[in-house]
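Here is the naming used below: chain letters follow the sequence lines, and residue numbers restart at 1 for every chain. Just so you know, these numbers use all the heavy atoms, side chains as well, and skip hydrogens, waters and symmetry mates.
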Amino acid sequence: MHHPQIGRKFLLEKGERKGVLLTGNEAIALGAVAGGLDIYLAYPMTPATSILHYLAAHDKELGIVAVHPENEIAVANMAIGAAFAGARTMVASSGGGFSLMQEAFSLAGMAEAPVLFILSSRPGPSTGVPTYTEQADLKFAISQGQGEFPRIVSSPGSVEEAFYLAAEMLGMVWKFQTPGVLLTEKHMAESRKNVGINVEKVTWAEPLLHKGGKYKRYVDTASGVSPMLFPPSDELINWSSYEHDKLGVTTENPEQIIRMHDKRRRKLESIMKHMKGMRTVNVFGEGEPIIFTYGSTTMSVLEALRYGNIKARVVQPIYLEPFPVWEMENYRGRESMVVEQSSMGQFASLLKEKAGVNAGAVIKRYDGRPFDPVELANAIREGI
Amino acid sequence: MDDLTTYAENTWCPGCGNFGIFNAFKKAVRKLEEKGIERDSIIISAGIGCHAKIFDYLKLSGFYSIHGRAMATVQGIKLANPDLRVVAFAGDGDALGEGISHMIFAAKRNADITVIVHDNGVYGLTTGQYTPTSEKGFKSPSTPRGNVEEPLNPLTLMLEAGATFVARGYSGKVDHLADIIAQAIEHEGFSFVDVLQPCVTFNNTYKTYNESVEILDQIPTSYEEACAIARKKVKIPIGIIYRVNKPVFHKELYGELNPVVMRLSREEKRGRIKKLVQPEEE
């Protein structure tokens with residue numbers, strides 16, 4: 001195949017491919033709608049803002065409602081309230097705004113409110129470098145909110161995957177009634193790609209519903225997931241931020257406290273069991289060396305390998321919490337390296353901590369720019 | 001125990017002003033039921049504080065929210081299903097401290113919600129610190145030499161922010177308060193009820209309020225008159241201080257839609273996306 005080179009940096013394939021041009025943010029927006037989104041709420045913050053712009057511009061066409069409240073705290077709490085009433089809701093922000101939503105994130109964990117949070121990273125800390133890219137929010141994403149409760153965190157490796165994953169994540173948070181984070185970066189959020197998306201292939205968010213009889217919001221089940229019922233109803237429906245009994249009434253009783261902790265922990269086990277039947281890790285190529293990467297850096301790594309004509313196996317965990325350790329068994333003790341956009345190597349540290357994978361080399365970039373394919377190809381060669 | 005009260009053990013102090021608000025609210029619900037408003041359609045929320053215990057005691061559906069956020073929670077509920085009538089209970093610290101931004105913006109956008117502020121001028125649950133409505137000089141564990149700040153006037157604040165229903169009640173006048181609450185819930189738009197509430201343990205104001213509250217004969221006819229009445233201090237006017245009809249937030253945003261009741265099917269949503277991103281090929 002002929003690869004014309006532009007400025008010796010980019011390899012372009014000539015082809016007759018048909019598809020649609022979408023940014024990562026547009027793909028997330030459309031994927032969520034395809035998955036059943038009803039209400040989107042957000043306060044502007046780069047690089048998450050264009051999701052709000054896109055959904056506000058196309059609200060009626062897509063049959064959704066887009067709202068821009070006074071701050072991220074209102075955003076997250078309104079989203080949780082809307083979920084109580086049965087609406088599939090999604091919110092988004094970057095690091096600073098996401099920090100303001102932590103209180104509500106924990107509330108969603110306790111009340112078992114399904115809300116999908118999009119965390120669109122920029123270089124931090126604090127205001128950082130707003131219109132550039134970094135992957136420094138990985139541990140922040142998986143550790144959101146005070147207290148212990150299950151949460152689902154994933155990150156797409158391509159614009160196409162962003163579309164399907166947004167729908168899948170909306171489905172996951174509704175299936176397990178717990179908050180989820182779709183973690184992405186500026187590099188993904190605002191990269192425009194020609195993608196093939198098939199709306200027939202997306203999942204649809206459906207909760208487990210109450211089947212009649214006396215309703216108990218937090219009834220104990222084997223899976224930890226209690227059936228849902230939405231107002232108005234002649235049954236009492238009470239969600240709570242306090243530790244609560246099965247009906248949602250506040251409790252300080254030690255047995256009740258243990259029971260609810262156990263129920264929420266069982267949900268985590270149910271999530272992991274469910275994930276074992278899903279594609280939670282992408283593998284590109286075969287053999288060695290093994291290159292671990294995730295999120296938008298996956299695009300950079302694949303481009304660098306193509307450019308440098310390097311043979312390697314790229315392992316990209318799509319899900320980061322719960323971490324798909326069961327997919328990592330084959331990679332322990334093999335020649336491997338990590339590529340990530342972080343100064344402290346959070347992804348390498350997570351791989352070690354969660355999956356016992358020790359990478360020989362960690363290729364990092366943290367100047368706000370995505371990896372240059374030439375430089376990354378050279379760095380990978382050196383790493384081998 | 002009546003049919004609007006749960007099995008939860010009531011832990012308010014004997015003589016707490018919250019009992020008056022609790023009883024007035026139950027009376028209001030019955031008044032609304034007589035008018036054909038079903039209790040199933042009344043959804044409650046509360047912040048965190050002594051006021052919020054009302055959530056556990058009232059046998060109504062709802063969401064026990066977090067400190068300062070009940071106003072946001074109920075706005076979310078209302079946005080998702082505008083057929084529901086939503087009520088947020090809040091303390092003065094809740095509504096005017098931690099959650100003041102939500103109050104101002106709910107009033108500004110005329111969100112069709114009701115906020116009942118249990119205004120006792122003290123953080124009771126955390127043992128007696130000064131709040132945004134405590135008088136200057138109020139001595140408390142966090143202001144041992146006296147509060148150095150002037151109090152907020154919740155009524156003029158809400159009037160300025162754009163509230164379309166502003167009232168003040170007193171927990172010691174239960175029937176009068178019940179009538180205000182019922183009208184607040186019936187009002188289409190942002191309704192705000194500031195309830196003067198003694199805290200028998202940390203700020204016992206029974207004597208002052210019993211001597212100084214004065215029931216308004218009629219609803220003031222202008223915004224200016226409402227503001228003037230809201231500022232009165234020596235004799236404290238109670239009753240509906242301002243009421244006006246204005247377009248409500250959810251209808252301005254999406255008209256007659258009901259996002260959960262009128263949700264598009266899976267096929268319809270897919271069709272909409274195809275139409276948007278994959279225009280028909282020639």
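For residues 253-266 of chain B, the set of pairs meeting the salt bridge (charged side-chain N to carboxylate O under 4.0 Å, His left out) definition, not counting sequence neighbours, comprises Asp38(A)-Arg263(B). For residues 56-78 of chain B, the set of pairs meeting the salt bridge (charged side-chain N to carboxylate O under 4.0 Å, His left out) definition, not counting sequence neighbours, comprises Glu103(A)-Arg69(B), Arg69(B)-Glu98(B), Lys78(B)-Asp112(B).
Heavy-atom distances place the side chain of Tyr7(B), and not its backbone, under 4.5 Å from chain A. Looking at Ala83(A), there are no atoms closer than 4.5 Å to chain B (heavy atoms on both sides), in backbone or side chain. Of the two parts of Val75(A), neither the backbone nor the side chain holds a non-hydrogen atom closer than 4.5 Å to a non-hydrogen atom of chain B. Contact of Ala74(A) with chain B is made through backbone and side chain together, with heavy-atom distances under 4.5 Å. Residue Leu257(B) touches chain A through its side chain alone, counting heavy-atom pairs closer than 4.5 Å. Using a 4.5 Å cut-off between heavy atoms, Arg109(B) touches chain A through its side chain atoms alone. Heavy-atom distances place no part of Ser45(B) under 4.5 Å from chain A, backbone and side chain included. For Ile273(B), the parts lying near chain A are the backbone and the side chain together; criterion is any non-hydrogen pair under 4.5 Å. Using a 4.5 Å cut-off between heavy atoms, Ile64(A) contacts chain B through its side chain alone, with no backbone atom that close. Contact of Arg88(A) with chain B is made through backbone and side chain together, with heavy-atom distances under 4.5 Å. With a 4.5 Å cut-off on non-hydrogen atoms, Leu253(B) touches chain A through its side chain but not through its backbone. The part of Ser233(A) that comes within reach of chain B is its backbone (N, CA, C, O), which places non-hydrogen atoms under 4.5 angstrom from that chain. In this structure, the portions of Leu264(B) lying under 4.5 Å from any heavy atom of chain A include both its backbone and its side chain. Only the backbone of Thr203(A) comes within contact range of chain B, with heavy atoms under 4.5 Å apart.
Pro231(A) is not listed as a side-chain neighbour of Asp40(B), based on a closest heavy-atom distance of 4.5 Å or more. Taking the side chain as every heavy atom from C-beta outward, Phe249(B) and Val67(A) approach each other to under 4.5 Å. Residues His102(B) and Asn71(A) have side chains in contact (heavy-atom distance under 4.5 Å, counting atoms from C-beta outward).
Val65(A) and Pro259(B) make their closest contact through CG2-CG, 3.9 Å (heavy atoms, listed as atom of the first residue, atom of the second, distance). Closest heavy-atom contact between Gly86(A) and Val260(B): C-CG1, 3.6 Å. Scanning all heavy atoms of the two residues, the minimum distance from Gly63(A) to Arg272(B) falls at N-NH1, 3.7 Å.
For the pairing with Phe63(B), the side-chain contact (heavy atoms from CB on, under 4.5 Å) check across Asn77(A), Asn238(A), Ile237(A), Ile80(A) returns one residue only, Ile80(A).
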Query raised in the report: Can you list the steps and then say if Thr73(B) with Phe84(A) is a side-chain contact (heavy atoms from CB on, under 4.5 Å)?
Result: CA-CA 9 Å; Thr73(B) 308; Phe84(A) 165 84; over 6 Å; no
Report task. Check step by step if side-chain contact (heavy atoms from CB on, under 4.5 Å) holds for Ile73(A) and Ser101(B). Result -> CA-CA 10 Å; Ile73(A) 299 172; Ser101(B) 62; over 6 Å; no
**Report entry** Stepwise side-chain contact (heavy atoms from CB on, under 4.5 Å) test for Ile48(B) and Tyr242(A)
**Finding:** CA-CA 9 Å; Ile48(B) 298 297; Tyr242(A) 270 104; 3.6 Å; yes
**Report entry** side-chain contact (heavy atoms from CB on, under 4.5 Å) assessment of Lys269(B) paired with Trp204(A)
**Finding:** CA-CA 10 Å; Lys269(B) 274 230 161 98; Trp204(A) 180 253; 4.2 Å; yes
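Note that CD of Gln75(B) and CE of Met78(A) are 4.0 Å apart. Values are rounded to the nearest 0.5 Å. Between the OG atom in Ser61(B) and the CH2 atom in Trp239(A) there is a gap of 11.5 Å [rounded to 0.5 Å]. If you take NZ on Lys275(B) and CG on Leu62(A), they are separated by 11.0 Å, rounding to the nearest 0.5 Å.
In terms of non-hydrogen atom pairs under 4.5 Å with chain A, the most contact-rich of Ala80(B), Gly62(B), Ala72(B) is Gly62(B). Annotation: maximal heavy-atom pairing with chain B below 4.5 Å, among Ala85(A), Ala82(A), Gly248(A), occurs at Ala82(A). Options Leu60(B), Ile66(B), Asn81(B) differ in how many heavy-atom pairs under 4.5 Å they form with chain A, and the most are formed by Ile66(B). Between chain A and the residues Leu84(B), Ile104(B), Leu79(B), the largest count of heavy-atom pairs under 4.5 Å involves Leu84(B).
Within a 6.0 Å radius of CD in Glu38(B), other residues, nucleotides and ligands contribute 12 heavy atoms or fewer. By the 6.0 Å contact criterion, OH on Tyr43(A) is open, its count of non-hydrogen atoms from other residues, nucleotides or ligands being 12 or less. Counting non-hydrogen atoms of other residues, nucleotides and ligands closer than 6.0 Å to NZ of Lys263(A) gives a total above 12. A 6.0 Å sphere centred on CD of Glu148(A) holds no more than 12 heavy atoms belonging to other residues, nucleotides or ligands. Atom NZ of Lys216(A) is surrounded by 12 or fewer heavy atoms from other residues, nucleotides or ligands within 6.0 Å.
For Glu200(A) and Arg270(B), the salt-bridge test passes: some basic side-chain N is under 4.0 Å from an acidic carboxylate O.
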